[in-house]
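Here you go, one structure.
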Amino acid sequence: MTETRFEPSQADGRWQRAWTDARSFEADSGSTKPKIYVLEMFPYPSGRIHIGHVRNYTMGDVLARYKRMTGHEVLHPMGWDAFGMPAENAAIEKGVHPGAWTYDNIANMKAQLQRLGFALDWSRELATCDPAYYGHEQALFIDLYQAGLVYRKESAVNWDPVDQTVLANEQVIDGRGWRSNALVEKRKLNQWFLKITDFAQDLLDGLGTLDGWPEKVRLMQENWIGKSQGLQFSFNLTNGETLDVYTTRPDTIFGASFVAVAPDHPLAQAIAANNCEAARFIEQCRAGGTTAAELETAEKLGFDTCIAAVHPLDPQRRLPVYIANFVLMDYGTGAIMAVPGHDQRDFDFATKYDLPIIRVVASSADAADAPLTEAEAGDGVLVNSAILNGMSVADAKAAVIGRAESEGWGEGKTVWRLRDWGVSRQRYWGTPIPFIHCDACGVVPVPKDQLPVVLPEDVDMSVPGNPLVRHPTWKHTQCPSCSAEATRETDTLDTFINSSWYFLRFASQPTDKPFDTAEIAQWMPVAQYIGGIEHAILHLLYARFWTRALAHIGALEVKEPFASLFTQGMVTHETYEQKNPDNGQPVYFTPDEVSRSGEGAVRIADGSAITIGPVVKMSKSKKNVVDPDAIVDRFGADAVRWFMLSDSPPERDLPWSAAGIEGCARFVQRLWRLFAQYDAAATGEDKSLARKMHQTIAAVAGDVEALSFNKAVARIYELTSAVDKAAASADRSAAIRAILLLIAPMMPHLAEEAWERIGGEGLIADAAWPAVDPALLVDDEVTIAVQVKGKLRDTLTVAKGLPSAELEALALASEKVQRAIDGAEVRKVIVVPDRLVNIVA
RNA sequence: GCGGGCGUGGCGGAAUGGUAGACGCCGGAGACUUAAAAUCUUCUGAGUUAUGCUCGUGCGGGUUCGAGUCCCGCCGCCCGCACCA
């Protein structure tokens with residue numbers, strides 16, 4: 001090792017080729033080693049990878065490489081979530097075919113990923129837009145149809161009358177199409193649905209078994225599934241009709257002081273038909289915002305219908321019926337009994353419209369008349385509730401439901417927020433839904449031997465509307481049952497279906513079927529799944545459902561696809577801006593355009609002052625981005641990888657900084673110089689360095705297993721400094737070799753290069769993780785804190801395991817301690833062996 | 001509004017109820033050099049009458065021999081959301 005600098009520009013490519021040539025990272029399903037599946041969420045091929053991908057994939061890579069070193073057969077694949085709207089947008093804007101655009105992007109991004117040296121099994125690469133992938137998806141979809149998990153029903157979509165297309169919610173801006181600016185209409189279409197609600201309870205129960213998932217994600221899914229148990233019952237109205245309401249608090253029924261229906265409720269609509277004031281009110285409700293935060297802070301508003309409802313347990317009582325802006329049509333029956341005393345929204349409404357607020361739950365029977373200044377949702381005993389008085393909330397719930405059922409005016413009911421999954425998309429760039437519409441036979445699945453139903457290549461994206469509908473020949477076919485003229489389904493599948501089983505196809509990819517059940521069992525479930533929190537609900541819930549659905553039809557033996565989930569933080573960067581003198585709007589500059597010095601920054605082009613803005617998520621609009629290729633060119637893959645792992649805990653945001661990456665590049669060189677000092681022939685002991693080495697190996701292993709990469713990095717720095725300071729010895733050489741192995745998963749190119757030079761056998765990628773001698777994990781000397789009344793006054797270095805009495809004597813003998821005691825009487829001495837002595841005087 | 005999370009030096013962050021600030025970045029001083037870069041050494045929470053002492057983990061209480069850590073009440077920031085009856 002004579003070169004004084006490590007040259008990533010030469011080493012990176014050389015070792016990447018060596019790994020490819022040796023097929024180092026191709027997973028063997030037949031291996032007898034313990035198997036482990038490490039997976040990061042596959043990217044959408046947008047064109048360029050961004051630094052967030054680099055962070056995500058670096059984390060997975062370190063774990064995958066580490067697991068290989070600890071004797072596992074590792075499956076660590078990569079592919080492309082390649083269907084979706086951006087390709088169609090590009091096609092419309094640039095006149096390229098969505099497929100051509102997508103495959104170009106894949107080629108670029110693959111090259112970018114390969115430059116980072118990720119230990120990926122590229123032999124299993126897949127793209128969801130490949131008929132070899134989506135054909136199997138069509139087969140699975142038909143299987144689920146035959147199992148009764150797929151059905152069609154009418155459902156509303158956002159229709160853009162100018163672009164003749166259905167819009168996603170995000171494409172509707174202030175009620176208008178994002179591209180056409182036309183007013184969006186609600187249109188009812190016959191669409192395909194998956195029965196995810198059949199699995200609601202199972203999906204909920206499964207969350208309890210996912211110990212390896214963040215509590216936050218489990219909670220988000222639980223709320224999304226939204227199970228509630230309550231009473232659905234019917235009010236008799238004074239106009240002769242009845243009104244169904246749902247409540248989760250039947251116990252508070254005697255506290256009901258009004259009834260409210262959603263603006264979209266049929267009753268409200270009927271009233272509005274001959275009452276323009278009501279119609280105006282409903283219109284006003286629709287004009288308001290629809291997000292939770294907007295509605296929560298919006299004032300509670302109502303319209304008195306002048307209809308009254310008869311209280312089912314107190315027929316003399318009449319409750320006014322309101323149309324209210326805070327009642328949702330989509331949940332329950334779209335109508336509620338309102339209990340102001342025990343629901344804050346009802347309380348706010350009652351206060352505004354001067355309706356009675358009745359306490360029916362109190363801390364004790366004596367507190368029945370305690371005034372309510374806000375709604376009280378807590379537990380207690382029933383008061384002011386006739387037959388229910390004195391009961392607990394739980395008993396009263398059961399009593400009311402029992403009575404409603406026996407008297408026939410209501411029934412206990414479980415209501416779910418979760419709704420069936422609408423999977424129809426009226427778009428070209430997606431998986432064709434493999435069904436045929438026949439006038440005589442109805443909806444008929446495409447026979448499996450005719451799969452895949454392939455998208456036509458010759459489409460014109462410049463004309464509005466779905467090209468599959470207007471293609472001259474594609475949709476025309478024969479009915480598989482009766483051979484009559486028939487048409488293909490022109491809807492394509494939601495891309496969330498593509499990502500609901502790609503991990504299965506990675507694990508097993510026969511040509512004649514979606515996957516091999518036995519081979520899947522070798523790898524599934526995914527041991528560690530890593531991705532962004534933005535997928536906490538939809539992707540992860542759909543994948544859990546799809547896996548269950550396949551298990552339900554016997555195609556799989558696992559129900560939960562991802563045993564452990566990790567959601568990493570974003571990569572952030574400060575912003576650089578100037579005010580536009582004309583309109584005062586900020587103008588952003590990229591880090592390349594700005595020279596940062598000390599406190600301030602200037603624009604390189606003209607030397608003008610730049611305002612340094614907040615550190616926020618990297619985004620194109622704020623121009624606070626760094627290009628992975630550019631930084632790999634400049635610093636090498638290993639420095640970039642090291643930066644991704646350093647400092648910030650992986651679940652938190654990582655602030656990118658030029659100084660930070662430069663520091664990492666310096667550390668790469670420092671290690672290079674250290675490795676050059678490796679001397680296999682060195683002799684002599686360095687017991688304390690040997691201890692430090694074994695402790696570090698054990699700690700780094702634990703940190704990597706826990707994905708606490710920032711801690712592992714800190715420990716490697718510590719050991720490096722200790723080795724730097726140590727004199728030559730056999731132990732020092734061993735420690736240098738250990739550092740090399742510890743950094744191998746993190747800085748694999750540097751590690752290979754140095755491994756070769758010190759005469760390591762084979763590739764370090766195939767080397768074993770260094771062994772730990774348990775005897776050397778503990779020190780024989782410990783430093784004891786000596787406190788007086790809880791304040792540190794001295795420290796003592798003593799032999800480990802010194803008895804308490806001796807520790808106490810040593811502590812009391814300390815001059816500093818005596819000065820702190822200052823002659824006071826020692827009342828108590830707390831001794832924690834090998835830790836501290838606390839003298840209470 | 002509800003749910004969840006987080007508040008520790010100039011910055012990112014360490015810390016099984018037991019020596020707060022590990023490790024890194026920034027910054028200061030010095031060595032090497034004709035010089036610079038690189039590298040190395042060293043200092044770096046605040047205050048102070050400096051071998052010491054006092055204060056210090058968002059704020060106010062509490063439990064404890066001992067609290068960044070546990071409990072109660074606030075404040076602020078971030079994320080999620082579906083007024084879910």
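Within every chain, numbering begins at 1; the chains are lettered A, B, ... in the order of the sequence lines, protein sequences first and strands thereafter. Predicted model only: the values in this text are computed from it and were never measured.
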Assign each of A/Pro649 and A/Glu222 to its nearest nucleotide of RNA chain B by heavy atoms, then name whichever residue's nucleotide is nearer the 5' end.
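Nearest nucleotide further toward 5': that of A/Pro649.
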Using the C1' atom as the point on both nucleotides, what is the distance between B/rU49 and B/rU63, in whole Å?
37 Å
It should be established whether A/Arg793 places a side-chain nitrogen or oxygen under 4.0 Å from OP1 or OP2 of nucleotide B/rC53.
yes
Check: A/Phe349 ring centre within less than 6.0 Å of A/Phe258 ring centre
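Centroid separation for A/Phe349 and A/Phe258: below 6.0 Å.
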Base, sugar-phosphate, or nothing for A/Thr783, non-hydrogen atoms under 4.0 angstrom?
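Base contact.
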Searching all strands shown, indicate the nucleotide that pairs with B/rG3 (Watson-Crick or G-U wobble; both distances under 3.5 Å).
B/rC79
Just confirming the chi classification of B/rG9, syn or anti, using 90° around 0 as the syn window.
syn
Syn or anti: how is B/rA50 classified when any glycosidic angle within 90° of 0 counts as syn?
syn
For B/rA14, does OP1 or OP2 lie under 4.0 Å from any side-chain N or O of A/Asn710?
yes
Base, sugar-phosphate alone, or nothing: which one does A/Val415 contact when heavy atoms must sit under 4.0 Å apart?
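Nothing: the residue A/Val415, judged by heavy atoms under 4.0 Å, touches no strand.
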Using the P atom in both, what is the distance from B/rU48 to B/rA38, to the nearest Å?
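Going atom to atom, P in each nucleotide, I get 35 Å.
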Only residue of A/Leu836, A/Ile839, A/Leu802, A/Val837 satisfying side chain to side chain contact (heavy atoms under 4.5 Å, CB included) with A/Val831 is A/Val837
Within the structure shown, what part of the strands sits under 4.0 Å from A/Arg827 by heavy-atom distance: base, sugar-phosphate, or nothing?
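Counting heavy atoms under 4.0 Å across all strands, no contact is made by A/Arg827.
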Watson-Crick or G-U counterpart of B/rC59, or none if no pair lies under 3.5 Å
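B/rG73 is the nucleotide pairing with B/rC59.
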Under 3.5 Å, side chain of A/Asp794 to main-chain N/O of A/Val786, donor-acceptor pair present?
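It does not hold such a pair.
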For B/rC81 and B/rA15, measure between their P atoms and round to the nearest Å.
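To the nearest whole Å, 30 Å.
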Whether A/Thr305 side chain and A/Val321 backbone form a donor-acceptor pair below 3.5 Å:
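Side chain of A/Thr305 to backbone of A/Val321: a pair is present.
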When the distance from CZ of A/Arg249 to P of B/rC84 is rounded to whole Å, what number comes out?
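After rounding, the gap between these two atoms is 13 Å.
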If you compare every side-chain N and O of A/Arg666 against the phosphate oxygens of B/rA38 (OP1, OP2), does one of them come in below 4.0 Å?
no
What is the distance, rounded to the nearest whole Å, between atom NZ of A/Lys216 and atom C1' of B/rC79?
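It works out to 6 Å between those atoms.
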Classify A/Asn838 by what it touches in the nucleic acid, base, sugar-phosphate, or nothing, heavy-atom distance under 4.0 Å.
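The answer is base, as A/Asn838 lies within the cut-off (heavy atoms under 4.0 Å) of a base atom.
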So, the side chain of A/Asp653 versus the backbone of A/Met570: is there a donor-acceptor pair under 3.5 Å, distance only?
yes
Return whichever of A/Arg652 or A/Lys816 has its heavy-atom-nearest nucleotide of RNA chain B closer to the 5' end.
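First, find each residue's nearest nucleotide; the 5'-ward one identifies A/Arg652.
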How far, in whole Å, is B/rG73 from B/rC2 if one measures between their P atoms?
14 Å
Take the protein atom NZ of A/Lys617 and the nucleotide atom P of B/rC78, then report the distance between them rounded to whole Å.
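Going from NZ in A/Lys617 over to P in B/rC78 covers 16 Å.
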Separation of the P atoms in B/rG62 and B/rU51, to the nearest angstrom:
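Those two atoms are separated by 35 Å.
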Per A/Met220 side chain, nearest of listed nucleotides B/rA14, B/rG80, B/rU19:
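For the A/Met220 side chain, the nearest candidate turns out to be B/rG80.
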Taking the side chain of A/Lys711 as heavy atoms from C-beta outward, which of B/rC65, B/rC83, B/rA14 is closest to it?
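Nucleotide nearest to A/Lys711's side chain: B/rA14.
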Separation of B/rC23 P from A/Leu671 CG (nearest whole Å)
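Whole-Å distance recorded here is 16 Å.
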For A/Lys816, does its backbone N or O pair with a side-chain atom of A/Arg793 as donor and acceptor, under 3.5 Å?
no
What's the closest nucleotide to the A/Arg670 side chain, out of B/rC40, B/rG18, B/rA20?
B/rC40
Sidechain N-carboxylate O distance under 4.0 Å for A/Arg666, A/Glu662
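Judged by the 4.0 Å cut-off on N to carboxylate O distance, A/Arg666 and A/Glu662 do not form a salt bridge.
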Between B/rC6 atom P and A/Asp653 atom CG, what is the distance in whole Å?
14 Å
Considering only the P atoms, how many Å lie between B/rG17 and B/rG12, rounded to the nearest integer?
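Rounded to whole Å, the distance is 25 Å.
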Under 4.0 Å: is that the gap between some side-chain N or O of A/Lys791 and OP1 or OP2 of B/rU54?
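Checking A/Lys791 against B/rU54: no side-chain N or O falls below 4.0 Å of OP1 or OP2.
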Check for me whether the distance between the ring centres of A/Phe675 and A/Phe6 falls short of 6.0 Å.
no
Could you tell me which nucleotide pairs with B/rU19 by Watson-Crick or G-U wobble geometry, both distances under 3.5 Å, or answer none if nothing does?
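The base-pairing partner of B/rU19, which may sit in any strand shown, does not exist here.
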Salt-bridge criterion met for A/Arg715 and A/Asp703 (N-O under 4.0 Å):
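A salt bridge links A/Arg715 with A/Asp703.
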Does anything in residues 714-725 of chain A reach RNA chain B, meaning a heavy atom under 4.0 Å, and if so which residues?
A/Ala714, A/Tyr717, A/Glu718
Using a cut-off of less than 4.0 Å, is there contact between a side-chain N or O of A/Lys828 and OP1 or OP2 of B/rC65?
yes
Using atom P of each nucleotide, how far apart are B/rC25 and B/rU34 to the nearest Å?
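To the nearest whole Å, 28 Å.
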B/rG24 pairs with which nucleotide, Watson-Crick or G-U wobble, both distances below 3.5 Å?
B/rC11
Send over the distance from A/Glu574 CD to B/rC25 P, rounded to a whole Å.
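So the two atoms are 18 Å apart, to the nearest Å.
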Among B/rG13, B/rC83, B/rU16, the nucleotide that comes nearest once only the side chain of A/Arg835 is considered:
B/rU16
Against A/Val840, only a single residue in A/Ile830, A/Ile821, A/Val788, A/Val829 fulfils side chain to side chain contact (heavy atoms under 4.5 Å, CB included); can you say which?
A/Ile830
Sugar-phosphate, base or nothing in reach of A/Leu219, heavy atoms under 4.0 Å
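Result for A/Leu219 = sugar-phosphate.
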Taking the same atom, C1', in B/rU44 and in B/rG28, what whole-Å distance lies between them?
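Between the two C1' atoms, the distance is 8 Å.
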Could you state the NZ-C1' distance from A/Lys789 to B/rU54, rounded to the nearest angstrom?
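Taking NZ of A/Lys789 and C1' of B/rU54, I get 15 Å after rounding.
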Quick check: are there more than 12 heavy atoms from other residues, nucleotides or ligands sitting under 6.0 Å from NZ of A/Lys617?
no
Minimum-distance nucleotide to A/Asp647 side chain [options: B/rG24, B/rG80, B/rG3]:
B/rG24
Just compare B/rG13, B/rG18, B/rU19 and give me whichever is closest to any side-chain atom of A/Ser648.
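Nearest listed nucleotide: B/rG13.
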What is the distance, rounded to the nearest whole Å, between atom CD of A/Glu651 and atom P of B/rC79?
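Going from CD in A/Glu651 over to P in B/rC79 covers 17 Å.
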